[in-house]
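In the text below, chain A, chain B and the rest are named by the order of the sequence lines, each starting its count at 1. Remember, predicted model here, so these are calculated numbers, not experimental data.
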Amino acid sequence: MASPVTPRSQDFPRWYQDVITQAELADNGPVRGTMVIRPWGYAIWERIQAEIDRRIKEAGAENAYFPLFIPESYLTREAEHVEGFSPELAVVTHGGGRQLDEPVVVRPTSETVINSFIAKWVHSYRDLPMLVNQWANVVRWELRPRLFLRTSEFLWQEGHTAHVSEEDARLYALRILREVYQSTMEDVLSVPILLGHKTRRERFAGAIRTWTCEGMMGDGKALQMGTSHELGQNFARAFGIQFTSEAGTQEYAWQTSWGVSTRLVGALIMAHGDDAGLRLPPALAPVEVVVVLIRDEEATRAAAQQLVSELAAASRRVRLDDRVATSFGRRSVEWELKGVPVRLEVGPRDLAEGQVTLVRRDIQEKRTVALAGAVTESVAALAAVQSGLLAEALQAREERTFSASGGDEAVEAVEAGGFALLPWDALGEEGETRLAGSGLTVRCLRRPDGTLAEADDESGLIAVVAKAY
RNA sequence: CGGGGAGUGGCGCAGCGGUAGCGCACCUGCUUUGGGAGCAGGAGGUCGGGGGUUCGAAUCCCCCCUCCCCGACCA
């Protein structure tokens, strides 16, 4: 039987599509660029969401909900913001069977509406910081959609905050970057990321600075997995977010906004997937352990059910696969495609020896373990998969990261996929433009030691250059 | 939005003027079950949509739509 997915090394985009189909993650929607997220894919998203949401709340922000429709006039209030988003707006011109007096825009992001309300709610420095987050769908009309990576409609979280000082705003943007985003991506998704700030060219429309989390995918391309922006006072001025300071003066607030989307599911697929399909870190797996009943006999069924209840009692997400009408081989392949981290196979042959077979999805290691110790072994294997995936991704990134002295060298180094590190001082914005001609972008700027720069014009910064999704 | 390719049962494809077929999946039965099971039977298609040419169109012509690949914009 041929493999259900195209080998990853043969055709990465095709492989990506195959995994999404075979693992039943998503389908294309009926309108170009739209996506149907299937139950298995949505369950993964729900787990990502839960992890992000918990951290956002720990960082002090509260959830709220703002409308999908935005008056077109709001968008135009901040010059760079409109300019940045105009090409991808979906605009509603008719409603209730009549042409609307003012067209409404389907939100591409909610800075404008949310800030118009923050302006209403903030009066005094005592009202600050104001920390608001919303979980929502947004629409950015896409000409070249890819499931999870670029769709015209996607799901995300967008945080919007207002602070008394530039420093407070900056610290909060960085706190979200590290304590919410980096933490979730590395500890939960098991995807190592590079933190840095974007160049002017790659900055969010309307921001004074954009911080980013950049991950490397299995083909060596970069994926922007999350961003946190310092908005300065741009939106505060546009929407009149003013407050009375401690000294009694009227001041404009300093703001941030930050978001991650269903793109993270795409990151997960591309960072960890292999020729057998998806590989899920246990923290996100809708099913952590699947107990496969090989043959339905009294003893095997009793043992399998016992394992299921013990794993459930140990708070593991577990499922019994007793579809014995379907061949064992098929069922194994299905769970591998779906990325379930640990599989316990219960059959009469092992059971006669008081054993079951434990399979780790990440390294496809198969070994027999004592029935009595199977739960403990499974829990240990889950921990090993969680950290193993991160270590593997980190090693892959290191193997594909090269130092370069100039643009040409970078192009050469990154041709087959990977990150090139080169001095930003030497490259500069003209160099960045030239790289764009070769399909390369500066993913982020960072200090040689990997820490985050204080200022854009700090000397000695390193540009991370790569092809990107 | 430019350049290239393709739309035929759920999926992958063949057929390229004479009235639609194959593989996989699906349904039923029996035999199977330790890595995508076997046999037998069965169901499923206004051939992307519209218009034209023709005695006759999946097949030829025109228009539209969608999808995939490559380039400019993006979470």
ask   = Using a cut-off of less than 4.0 Å, is there contact between a side-chain N or O of A/Arg330 and OP1 or OP2 of B/rA25?
value = yes

* Asked: If you measure from the P atom in B/rC61 to the same atom in B/rC67, how many Å do you get, rounded?
  -> 24 Å

| task | Could you give the distance separating B/rG2 and B/rU19 at their P atoms, to the nearest angstrom? | result | 41 Å

Next item on the list: Please evaluate the base of B/rG34 for a donor-acceptor partner in the side chain of A/Lys366 within a cut-off of under 3.5 Å?
Entry: no

Output field dot_bracket for RNA chain B (Watson-Crick or G-U, both distances under 3.5 Å, | for other-strand pairs) contains ((((((((.[[[[.)..(..]]]].((((((.....)))))).....[[[[[..)....]]]]])))))))....

- Answer yes or no: is there an ion pair linking A/Arg279 with A/Glu336, defined by an N-O contact shorter than 4.0 Å? no

Distance check, C1' atoms only: B/rC27 and B/rG56, in whole angstrom units. 37 Å

To the nearest angstrom, the CD-P distance between A/Glu336 and B/rG36 comes to 12 Å

Is there a donor-acceptor contact under 3.5 Å from the side chain of A/Glu214 to the main chain of A/Ala222? no

A/Glu345 atom CD is separated from B/rG35 atom P, nearest whole Å, by 9 Å

What distance, rounded to whole Å, do you find between the two P atoms, one in B/rC22 and one in B/rA40? 14 Å

Ordered by number, residues from residues 349-359 of chain A within less than 4.0 Å of RNA chain B (heavy atoms) are A/Arg349, A/Asp350, A/Thr357

| Taking the P atom of each, how far is B/rC1 from B/rC64, in whole Å? | 12 Å

Atom CD of A/Glu24 and atom C1' of B/rG10 are separated, to the nearest Å, by 12 Å

| Charged N to carboxylate O under 4.0 angstrom, A/Asp274 versus A/Arg8? | no

In short, ring pair (Phe, Tyr, Trp, His ring centres under 6.0 Å) pairs touching residues 208-228 of chain A with sequence neighbours left out are A/His197-A/Trp211

Looking only at N and O atoms, is any donor in the side chain of A/Arg343 or the base of B/rG35 less than 3.5 Å from an acceptor on the other one? yes

- prompt: Is it true that A/Arg201 and A/Glu429 make a salt bridge, defined as a side-chain N closer than 4.0 Å to a carboxylate O?
  reply: no

Checklist entry - Any side-chain heavy-atom pair from A/Asp18 and A/Trp15 closer than 4.5 angstrom? => result no

_Quick test of your reading of the model: are A/Arg200 and A/Glu432 salt-bridged, counting only N-O distances below 4.0 Å?_
no

Looking at A/Glu153 and A/Arg140, is any side-chain nitrogen of the basic one under 4.0 Å from a carboxylate oxygen of the acidic one? no

Whole-Å distance, A/Leu293 CG to B/rU33 C1', equals 11 Å

Sorted by chain and residue number, the side chain to side chain donor-acceptor pair (under 3.5 Å) partners of A/His81 (sequence neighbours excluded) come out as none

note: A/Asp321, atom CG; B/rG34, atom C1'; distance rounded to Å ~ 14 Å

Problem - Inter-nucleotide P distance (B/rG23, B/rG18), Å rounded - result: 23 Å

note: A/Ile294, atom CD1; B/rA37, atom P; distance rounded to Å ~ 14 Å

**Prompt:** When the P atoms of B/rA6 and B/rG12 are considered, how many whole Å apart are they?
**Reply:** 16 Å

Residues pairing under salt bridge (charged side-chain N to carboxylate O under 4.0 Å, His left out) where one sits in residues 47-62 of chain A, two or more places apart or in two chains, turn out to be A/Glu51-A/Arg54, A/Glu51-A/Arg55, A/Asp53-A/Lys57, A/Arg54-A/Glu58

Margin query: Ignoring hydrogens and geometry beyond distance, is a side-chain donor-acceptor pair present between A/Gln157 and A/Asn133 at under 3.5 Å?
Written below: yes

key: Within 45° cone and under 6.0 Å: A/Arg343 NZ/CZ vs A/Trp335 ring   = no

**Asked** Say you pick atom P in B/rG7 and the same atom in B/rG44; how far apart are they, in whole Å?
**Response** 25 Å

Scoring nucleotides 65-75 of chain B by protein non-hydrogen atoms under 4.0 Å (B base, S sugar-phosphate only, - none) yields --S-SBBBSBB

